[in-house]
Amino acid sequence: MKRTLSKVYEPSKVEEKWAGLWIERGYFTADPHSGKPPFSMVIPPPNITGSLHLGHALNNTLQDIMARFRRMEGYNVLWLPGIDHAGIATQNVVEKKLLAEGLSREELGREEFVKRVWQWKEESGDTIIGQLKRLGASCDWTRLRFTMDEGLSMAVREVFVRLYREGLIYRGDYIINWCPRCMTALSDLEVEHEEKSGSLYYLKYPLKDGTGSITVATTRPETMLGDVAVAVNPEDERYSKLRGKTLVLPIVEREIPIIEDPAVDREFGTGAVKITPAHDFNDFEVARRHSLPSVAVMDERAGMNENAGPYRGLDRFEARKKMVEELKEKGLIERVEDYRLSVGTCYRCRTVVEPMVSKQWFVRTGPLSRPAIKAVEEGALRFVPKSWEKTYFEWMRNIRDWCISRQIWWGHRIPAWHCKDCPHITVATTTPEGCEGCGSKDIEQDPDVLDTWFSSALWPFSTLGWPEDTEELRVFYPTSALFTSFDIIFFWVARMIMMGLKFMEDVPFRDVYIHALIRDAQGQKMSKSKGNVIDPLVMMERYGTDALRFTLAVLAAQGRDIKLAEERIEGYRNFANKLWNLARFTMMHLEDKPAESPRPDDYSVADKWILTRFKACRGQVASALDAYQFDVAAKSLYGFVWHELCDWYVEAIKPDLKGEKGETRKKTSTGVLLTVLADTLKLLHPFMPFITDEIHSYISEREESLVKEGFPQPPESYPEEASNMETVMDVIRCVRNIRVEFNIPNRAELECVVLTRKEATKRAIEEGAHYIKALSGVKEVGFITEEERPRKGVFNVARGVEGDTVEVFVPIRGYVDVEAELGRLERELEKVERELSAVKKRLSKENFLKKAPPEVVEKERGRSRELEERRERLLKGLERVRAL
RNA sequence: GGGCGGAUAGCUCAGAUGGUAGAGCGCAGCCCUUACAAGGCUGAGGUCACAGGUUCGAGCCCUGUUCCGCCUACCA
């Protein structure tokens, strides 16, 4: 088994091998019949248009860490993968491709177009799956789902029909957001608001009786042709005498009334507002209250229509310009002010959306939202971090009906059939023979498709086989956790909760872990146009997948955005290399035959220390992961591996490994090193699956992958020896510090003598003397008493055991720079005195002694004693140096 | 307009239930010591945004202020 590792870890050589092996061996395939406790997650399905970006990488790395961790803990893990058909986005992509061929979707026809999209899906759908596999995602790939699969489509139809029959889905003419580029309705959520600078135009509308005019303020003069009234506040005295009068709308010369509505803000503009129900949400409501008609002036491409008279055919922005010119000429513009306004844009194509009245399908959300609110209030479902619950409640409590129909071709066709012979609509899960109402065979399916998020909302149970009653549903629903970022809490999380409760009568997941959004090192959102994107695939290529994964984990502090700079990844690449070399070092000392387990009776202080530290690290990793604190877990591992295992333990046992201390010591240290390394690999495996499995395959006698290993058991710990070792380490630091401060060559042989007060400290140092010699390069460690305190020489103060202190003297004839040493000691003294006076001040307060808990007071007293001792020692040291 | 979050070392950030301010990176000095220069050792660096308050004690709790983000909203 003795093989040598290359000097540097080369990720590209091992990653592909392991990614393939894990899947081939079926490690990630969940078995509903396993007796183990279940742990399940559904992946947030990436779009089929997509290629892996950093958001995916983060999202899936964290899920994978959790999945692998739970698997090692002994859970029956199902992590179900899938992809999303992403209606509008995908349709846009395919349309663009067609455009390159000189084709439009209209030319192709619906059927042919949809065929093309499927073709495209086949080609590109695998891309992101392959990339997820490359990331190491331990999904159950045998259960891969797609939102347009037959099973999932069935679930969609089933839900639609049930909701429709319960009156929770309805169809009607309402004002909705319309994207004139995508040519479809959008839900409120799909509109993004942007602050832009524009103008506020003050328009004069003459009174019909010729007695004057009224001035309204608007940011959208082009919609005036669709005005059906001007509204004022009923309590606004300025306009009381105009009550009931009629205005003549300029240009088209249409007569419109002056109405009164309490919603009008008297303070804004002139206190009079034009009412355009066909192109403004607010006006739509006002018009309904007053039974006013609606006049649309634009068509579905947001061009002016026949109601726009002379402006017919113009684009809306073009029309605005021309209309303002005309009104100016006619003297109907009183003034124009600069104005900041927020405009809604389409979240898929950034086109300014146009509010329009049209016939659409809606989900009545009120009855669905109430149980969804309750579930979170009662703790059936938990947000992590908890603060996101507020955001959730805020939206849920003010939820509005959800427009679910889209005028596109790619998606789940609405399962509703219109009858040509009667007004009845037949809603059914399968194509009906004829009209339910009149029996006519002349029926036609609704041309619209459903909002993509409608099918996503069913994801946690549709993927498990619903509406069938499957084993999977019984075992794995509700899922254990959902990982996502905050930007889709409303889009997705909230809707899954509503649908899960409605159709499964239970929450879709117990925990929702909300992770950060990734930004660049300057905190800017990454975007292709800014050119600041970091491509995870390039990073994996350059630094290794494990390095990328570890970086993402370490940066995933709760409740904060992640600012990522490439140097961070490089840093964790170095960590991977460190681990690799630790393994390389370990292997160099392994015999050809399997190592025997070391006997606890033979453990050295260093052995006991590292086992104790390992136990602490193991505990931190486990509890941090339980609490979704990936950063804490990763940092703990980093610190343990690098700064405890490599920096101290390996260095401390080198003499043992060389056989300088006899065969037993050699065997024991080798054994402990190997054990700790092997168990550390298990702790690290969820974070860095590739390198850990690669190393494991070298050092373990078993062929199996770490995926099949259990999370390591905590070893025996030795607090007393561990504390002794810390004292020894501190003494070593003292000597090293003196060496560096006085510029003493490494080769120069030094001695050191220590002065301790407590017997326990002395014993610890005695027992650890060989470590001190080996690691600080001193020839001898001697002990002196107070009377023997040197008159001259330099020293440092180390921590003893139980609050004791140790003076570490290093005779350095010929090396001392008196000035430098005086400066150093004075600085140190100053610091100690500053702290001491703070502590003393505290202790001098009667109130503190009376009111603070006794153990705190005792701690302060101990600290005061320790600081005083330190101060005394420093003062004496200063004297000695001055005497030099 | 409402809401949420942030301001801690040069940079990026940790700092449960108030009790000695930490890490990574960067920086400086010294070291190619046969696991690793993608490395080792040592070190410098902080009025915890500001002003009050509660408390024996505040980075943490309360009030206010100033800057940043983000979410949300029917001020035309």
Side-chain angles (χ1 to χ4, degrees), chain A residues 5 7-9 175 188 193 200-201 216-220 223 231 263-265 267-270 272-276 280-286 339 341-342 355 387-388 390-391 394-395 398 486-487 489-490 517 519 521 523 543 547 554-555 557 559-565 567-568 570-589 627 629 631-632 635 638-639 643 646-647 650-651 654 733 736-741 743-747 775-777 824 835 838-839 841-843 845-853 855-857 859-860 863 866-867:
Chain A
L5 301 184
K7 200 168 167 182
V8 170
Y9 173 57
I175 188 155
D188 300 330
H193 295 273
L200 188 61
Y201 302 87
V216 297
T218 181
T219 56
R220 304 201 54 200
T223 63
V264 178
D265 179 358
E267 308 300 317
F268 189 88
T270 59
V273 57
K274 66 194 226 28
I275 300 299
T276 323
D280 185 283
F281 282 86
N282 200 22
D283 295 358
F284 182 80
E285 294 302 324
V286 174
Y339 191 69
L341 71 160
S342 94
S387 54
W388 289 108
K390 268 192 183 161
T391 308
E394 180 66 20
W395 187 70
N398 300 301
F486 66 84
D487 52 339
I489 290 179
F490 306 146
L517 224 55
R519 299 167 183 281
Y543 302 107
V554 106
L555 292 176
R560 221 184 239 269
D561 283 348
I562 295 178
K563 289 182 195 168
L564 183 67
E567 298 86 74
R568 295 304 295 261
E570 190 183 350
Y572 294 107
R573 185 269 317 261
N574 295 353
F575 175 59
N577 193 51
K578 188 78 182 174
L579 181 69
W580 182 256
N581 275 286
L582 169 64
R584 193 164 105 98
F585 175 81
T586 306
M587 285 179 55
M588 289 168 72
H589 296 278
Q629 293 175 321
D631 58 325
V632 173
K635 279 176 189 160
Y638 182 96
H643 299 308
C646 291
D647 287 352
V650 165
E651 295 305 325
K654 274 182 179 170
R733 280 188 206 105
R736 283 173 173 174
N737 171 267
I738 288 169
R739 209 182 260 283
V740 169
E741 291 282 328
N743 252 321
I744 301 168
N746 277 3
R747 300 284 173 212
L775 297 179
S776 70
R824 184 181 70 91
E835 279 183 53
V839 171
K841 194 173 152 198
R842 204 168 302 154
L843 282 168
K845 284 189 189 165
E846 210 175 303
N847 263 331
F848 174 72
L849 301 175
K850 248 189 339 214
K851 295 187 183 173
E855 65 271 21
V856 171
V857 175
K859 207 170 151 194
E860 285 298 313
R863 185 164 154 66
E866 187 195 318
L867 285 167

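Being a predicted model, the structure only gives us computed values, none of them experimental.
- Taking every side-chain heavy atom of A/F490 into account, B/rU72 is the closest of B/rU42, B/rU72, B/rA14.
- Atom name P, nucleotides B/rA16 and B/rG3: the rounded distance is 27 Å, in whole Å.
- OP1 or OP2 of B/rG39 has at least one side-chain nitrogen or oxygen of A/N574 nearer than 4.0 Å.
- Side-chain nitrogen and oxygen atoms of A/K578 include at least one within less than 4.0 Å of the OP1 or OP2 phosphate oxygen of B/rG40.
- Looking at the side chain of A/F268, the nearest of the listed nucleotides B/rA35, B/rA76, B/rA38 is B/rA76.
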A correct 5'-to-3' footprint of nucleotides 53-60 of chain B, with B, S and - meaning base, sugar-phosphate only and no protein heavy atom under 4.0 Å, is ---B----
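- Rounded to whole Å, the distance from CD on A/E567 to P on B/rC13 is 14 Å.
- A/V554 comes within 4.0 angstrom of nothing in the nucleic acid, heavy atoms only.
- Annotation: B/rU72 and B/rG10 have their P atoms spaced 36 Å apart (nearest Å).
- Atom NE2 in A/H643 sits about 9 Å away from atom C1' in B/rA23, given to the nearest Å.
- At whole-Å resolution of the value, CD in A/E570 and C1' in B/rA37 are 13 Å apart.
- Distance noted for atom C1' between B/rU20 and B/rG59: 14 Å (whole Å).
- Going from the P atom of B/rG39 to that of B/rG26 covers 9 Å, rounded to whole Å.
- Between atom CG of residue A/N577 and atom NZ of residue A/K7 there is a gap of 10.5 Å, rounded to the nearest 0.5 Å.
- Within 4.0 Å of A/E651, counting heavy atoms only, lies at least one base atom of the nucleic acid.
- Atom name C1', nucleotides B/rC74 and B/rU17: the rounded distance is 44 Å, in whole Å.
- Nucleic acid contact class of A/V264 (heavy atoms, under 4.0 Å, all strands): base.
- Atoms CZ (A/F585) and C1' (B/rA35) sit 6 Å apart, rounded to a whole Å.
- A distance of 14.5 Å separates CZ in A/R573 from CZ in A/R568, rounded to the nearest 0.5 Å.
- Using a 4.0 Å heavy-atom criterion, one finds that A/T391 contacts no nucleic acid atom at all.
- With both pairing distances under 3.5 Å, B/rU20 is matched to nothing as a Watson-Crick or G-U wobble pair.
- Of the inter-residue distances, the one linking A/F486 atom CZ with A/T391 atom OG1 reads 9.5 Å to the nearest 0.5 angstrom.
- Residue A/Y638 contributes atom OH, which lies 11 Å from atom C1' of B/rA38 at whole-angstrom precision.
- An OP1 or OP2 oxygen of B/rG39 is reached within less than 4.0 angstrom by no side-chain nitrogen or oxygen of A/Y9.
- B/rG59 makes up no base pair with any nucleotide shown, lacking Watson-Crick or G-U wobble contacts both under 3.5 Å.
- Residues A/Y638 and A/Y572 bring their aromatic ring centres within 6.0 Å.
- B/rG22 and B/rA38 are spaced 25 Å apart, taking the C1' atom of each and rounding to whole Å.
- Base engagement by A/V650 is indicated by at least one non-hydrogen atom pair under 4.0 Å involving a base atom.
- Across all strands shown, B/rC75 forms no Watson-Crick or G-U wobble pair with both key distances under 3.5 Å.
- Heavy-atom minimum distance, A/D280 versus A/P355: N-CB, 4.1 Å.
- Among the nucleotides B/rA76, B/rC41, B/rG24, the one closest to the side chain of A/T218 is B/rA76.
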Quick tally for nucleotides 5-10 of chain B: nucleotides whose base has a protein heavy atom under 4.0 Å get B, sugar-phosphate-only ones S, the rest -, giving -SS---
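- Whole-Å rounding puts the A/K7 NZ to B/rU34 P distance at 10 Å.
- Nucleic acid contact for A/R220: none, since no nucleic acid atom lies under 4.0 Å from a heavy atom of the residue.
- Contact between the side-chain N/O atoms of A/K635 and the OP1/OP2 oxygens of B/rG22 is not found at any separation under 4.0 Å.
- Contact annotation: A/N581 side-chain N/O to B/rG39 OP1/OP2 distance is not under 4.0 Å.
- The CG-C1' distance, from A/N398 to B/rU72, rounds to 9 Å in whole Å.
- Taking atom P on both B/rU42 and B/rG53, the two are 45 Å apart, rounded to the nearest angstrom.
- Contact between A/G777 and A/R739 at its shortest, heavy atoms only, is O-NH2, 3.0 Å.
- Of the candidate nucleotides B/rA76, B/rA37, B/rG40, B/rG40 has the atom nearest to the side chain of A/D647.
- With a cut-off of 3.5 Å on both pairing distances, the Watson-Crick or G-U wobble partner of B/rG39 is B/rC31.
- Atom P of nucleotide B/rU42 and atom CG of A/N737 are separated by 8 Å, given to the nearest angstrom.
- Taking 4.0 angstrom as the limit, A/R568 places none of its side-chain polar atoms (N or O) nearer than this to OP1 or OP2 of B/rC25.
- Between A/F490 and A/W395, the ring-plane angle classifies as parallel under the 30° and 60° cut-offs.
- Expressed to the nearest 0.5 Å, how far CZ of A/R220 lies from CG of A/L200 amounts to 13.5 Å.
- In this structure, of B/rA37, B/rG40, B/rC70, it is B/rC70 that holds the atom nearest to the side chain of A/F486.
- Proximity of A/I175 to A/E285: side-chain heavy atoms (C-beta onward) are nowhere separated by under 4.5 Å.
- With C1' as the reference atom, B/rC13 and B/rA7 are 12 Å apart, rounded to whole Å.
- In this entry B/rC67 has B/rG6 as its Watson-Crick or G-U wobble partner, both defining distances falling under 3.5 Å.
- Of the inter-residue distances, the one linking A/K563 atom NZ with A/L555 atom CG reads 12.0 Å to the nearest 0.5 angstrom.
- If A/G269 and A/I562 are placed on RNA chain B by their nearest nucleotide, the residue sitting closer to the 5' end is A/I562.
- In this model, the phosphate group of B/rA76 is approached by a side-chain N or O of A/Y339 to a distance below 4.0 Å at OP1 or OP2.
- At least one side-chain nitrogen or oxygen of A/R584 sits closer than 4.0 Å to the OP1 or OP2 atom of B/rC36.
- Between A/H193 and B/rC71 there is no side-chain N or O to OP1 or OP2 distance below 4.0 Å.
- Note that NE2 of A/H643 and NZ of A/K578 are 9.0 Å apart. Values are rounded to the nearest 0.5 Å.
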